[in-house]
Amino acid sequence: MPEGPLRVAVDAMGGDNAPNEVLAGAVWAARELGVEVLLVGPTQRIQRELDALGAGALPIRIVEAPEVIEMAEAPAMALRRKRQASILVAVEAARRGEADAVVSAGNTGAAMAASLLTWGRIEGIDRPAIAAVLPTLRGRAVMVDVGANVDSRPKHLLQFAVMGSAYAARVLGIDAPRVGLMSNGAEDTKGNEVVIRAAELMRASTLRFIGNMEGRDFFDGVADVAVCDGFVGNLLLKFGEGLALGIFTMLREELSRGLLVRLGVALATPRLRALARRMDYTEYGGAPLLGVNGICIIAHGSSKAKTIRNSIALAAESVRARMVETIRDDIQAASLDALEEGSAGTRGPAPLPLTRSPDL
């Protein structure tokens with residue numbers, strides 16, 4: 001781990017609410033977390049905002065980057081045209097050793113491409129993946145991949161499982177994480193050919209594999225790591241986000257009807273706030289890009305200050321946990337190439353039984 005305060009480079013111009021909310025979150029982090037923040041973007045504009053926020057004495061440094069990759073731009077083309085874009089300059093700063101991690105709420109594809117092209121993949125990883133931490137009935141769980149890879153082969157899903165398990169163990173502190181494979185049924189015969197073959201590879205691995213899991217199983221908390229390709233993961237993530245927002249909107253409408261209901265709500269307010277915190281994605285910060293030779297936390301495009309602050313905290317914790325080195329060691333120990341080439345009929349220990357909450 002680097003000596004002295006950790007240094008986190010923040011893409012100051014990334015996101016729908018940049019730079020105001022991004023800078024507010026960065027100042028919040030610099031005040032509370034004991035990290036040095038490198039704000040990457042146009043110097044004069046950032047300095048004006050920092051002066052307004054009273055951040056003069058904080059461990060914050062500005063790194064000049066005059067260009068911005070907008071949310072709607074094609075990542076590859078934008079990175080070629082805008083060599084001084086804020087996300088690219090931030091990733092380059094980490095490559096030179098001037099920062100220990102990068103945080104961006106900007107164009108996800110640009111953050112992924114910049115990290116991959118600049119840092120390269122961890123040896124043994126074919127495709128990096130994005131991991132999201134979500135609340136469950138039993139605490140927290142990791143879903144991987146949630147958007148980096150639309151099409152995946154069985155060995156890619158196995159690599160996602162190894163990376164997600166390492167992340168759950170080292171950053172979330174989950175001992176011997178349970179790994180489940182998202183499918184359309186818990187039976188071994190369910191799923192397409194990719195899922196069936198991936199399940200065979202996971203059974204033959206050293207992972208604590210519990211078998212296939214259905215969509216409802218994730219929020220039941222039957223696994224600590226849920227593995228899927230980026231197409232399925234992104235759909236599940238966005239569906240869950242929309243469902244949570246819809247439920248809270250309906251609750252707000254129903255709980256505002258009538259005096260007696262409002263009195264009851266007043267009594268229940270502390271518990272309702274606690275529930276809202278459990279379901280609030282801003283509490284969890286951003287999503288790490290796993291499988292590259294560096295720490296990149298990708299925050300939601302609509303991130304406010306709280307999410308940026310928590311994303312910086314997650315970046316610092318990932319560095320302290322030696323996330324890159326851990327994934328590298330775990331991938332080598334797993335001998336994934338040997339598993340991929342091995343017999344499809346080779347089976348390890350039987351998967352653990354799924355334990356669901358009782359049906360309501």
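The minimum heavy-atom distance between Val35 and Ala316, with the atom names listed, is CG1-CB, 4.1 Å. Taking all atoms of both residues into account, the shortest heavy-atom contact from Arg31 to Gly54 is NH2-O, 3.4 Å. Looking at every heavy atom in both residues, Phe218 comes nearest to Val142 through CE1-O, 4.0 Å. Nearest heavy-atom pair across Leu181 and Ala199 is CD2-N, 3.7 Å. Scanning all heavy atoms of the two residues, the minimum distance from Leu289 to Ser115 falls at CD2-CB, 3.8 Å. Contact between Glu67 and Arg81 at its shortest, heavy atoms only, is OE2-O, 4.4 Å.
Of the inter-residue distances, the one linking Arg309 atom CZ with Leu314 atom CG reads 11.0 Å to the nearest 0.5 angstrom. Interatomic distance, Trp28 CH2 to Leu53 CG, rounded to the nearest 0.5 Å: 12.5 Å. Annotation: the span from Asp224 atom CG to Ile210 atom CD1 amounts to 8.0 Å, rounded to 0.5 Å. Taking CD of Gln44 as the start and CD1 of Ile62 as the end, the distance is 10.0 Å to the nearest 0.5 Å. In this structure, the separation between CZ on Arg153 and CD on Gln159 is 9.5 Å, given to the nearest 0.5 Å. Separating the OG1 atom in Thr118 from the CZ atom in Arg96 is a distance of 10.0 Å, to the nearest 0.5 Å.
At least one side-chain heavy atom of Ile298 sits less than 4.5 Å from a side-chain heavy atom of Ile130. The shortest side-chain heavy-atom distance between Met163 and Ile125 falls under the 4.5 Å cut-off. For the pair Leu157 and Asp145, the minimum side-chain heavy-atom distance is 4.5 Å or more. Considering only heavy atoms from C-beta on, Arg178 stays 4.5 Å or farther from Phe209 through its side chain. Two residues are said to be in side-chain contact when any heavy atoms from C-beta on lie closer than 4.5 Å; Pro135 and Arg140 fail this criterion. Side-chain contact between Ile327 and Leu290: present, with at least one pair of heavy atoms (C-beta onward) separated by less than 4.5 Å. With contacts defined as side-chain heavy-atom distances shorter than 4.5 Å, the pair Arg208/Pro177 does not qualify. You'll find the side chain of Leu207 reaches within 4.5 Å of the side chain of Leu158, heavy atoms only.
The side chain to side chain contact (heavy atoms under 4.5 Å, CB included) with Val63 is formed by just one residue from the set Leu38, Val10, Leu39; it is Leu38. Test Arg328, Arg95, Glu325 against Asn293 for side chain to side chain donor-acceptor pair (under 3.5 Å) and you get one pass: Arg328.
Side-chain atoms of Asn149 do not come within 3.5 Å of backbone N or O of Gly230 as any donor-acceptor pair. Put simply, the side chain of Asp51 never gets that close to the backbone of Arg48: no donor and acceptor are under 3.5 Å apart. Side-chain N or O atoms of Asn17 include one that pairs as donor or acceptor with a backbone N or O of Ser303 at under 3.5 Å. With hydrogens and angles ignored, the 3.5 Å screen pairs a side-chain donor or acceptor of Asp11 with a backbone N or O of Met13. No donor-acceptor pair closer than 3.5 Å links the side chain of Arg7 to the backbone N or O of Glu36. Side chain of Ser165 to backbone of Ala161: no donor-acceptor contact under 3.5 angstrom is found. With hydrogens and angles disregarded, no donor-acceptor distance shorter than 3.5 Å links the side chain of Lys190 to the backbone of Asn212. A donor-acceptor pair under 3.5 Å is formed between the side chain of Ser256 and the backbone N or O of Glu253. Formation of a donor-acceptor pair under 3.5 Å by the Asp229 side chain with backbone atoms of Ser152 is not found in this model. In this structure, Ser311 contributes its side chain and Thr307 its backbone to a donor-acceptor pair below 3.5 Å.
Looking only at atom types and distance, the side chain of Asp16 has no donor-acceptor partner in the side chain of Ser302 under 3.5 Å away.
Hydrophobic clustering of Ile, Leu, Val, Met, Phe, Trp and Tyr side chains at less than 4.5 Å, counting indirect connections, unites Ile174 with Tyr167.
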Item to check | side-chain contact (heavy atoms from CB on, under 4.5 Å) assessment of Val232 paired with Leu236 | outcome: CA-CA 6 Å; Val232 171; Leu236 288 170; 3.8 Å; yes
Item to check | Test side-chain contact (heavy atoms from CB on, under 4.5 Å) applied to Val89 and Glu92, step by step | outcome: CA-CA 5 Å; Val89 173; Glu92 286 282 0; 5.6 Å; no
Checklist entry - Do Leu50 and Ile46 pass the side-chain contact (heavy atoms from CB on, under 4.5 Å) test, and can you show the C-alpha distance, the side-chain angles, and the key distance before you say yes or no? => result CA-CA 6 Å; Leu50 290 179; Ile46 292 175; 3.9 Å; yes
Checklist entry - Would Glu241 and Lys238 satisfy salt bridge (Lys or Arg N to Asp or Glu O under 4.0 Å), going step by step from the backbone distance to the final call? => result CA-CA 5 Å; Glu241 181 182 312; Lys238 299 294 175 60; over 6 Å; no
Item to check | From CA spacing to verdict: salt bridge (Lys or Arg N to Asp or Glu O under 4.0 Å), Arg121, Asp126 | outcome: CA-CA 7 Å; Arg121 290 186 291 268; Asp126 294 305; 5.8 Å; no
Next on the checklist: For Thr249 and Ile247: C-alpha separation, side-chain torsions, deciding distance, then whether side-chain contact (heavy atoms from CB on, under 4.5 Å) applies.
Outcome noted: CA-CA 5 Å; Thr249 299; Ile247 288 173; over 6 Å; no
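Taking a 6.0 Å sphere around CG of Asp175, one finds it holds 12 or fewer heavy atoms contributed by other residues, nucleotides or ligands. Surrounding CG of Asp151 are at most 12 heavy atoms belonging to other residues, nucleotides or ligands under 6.0 Å away.
Salt-bridge annotation for Asp188 and Arg203: present, with a side-chain N of the basic residue lying under 4.0 Å from a carboxylate O of the acidic one.
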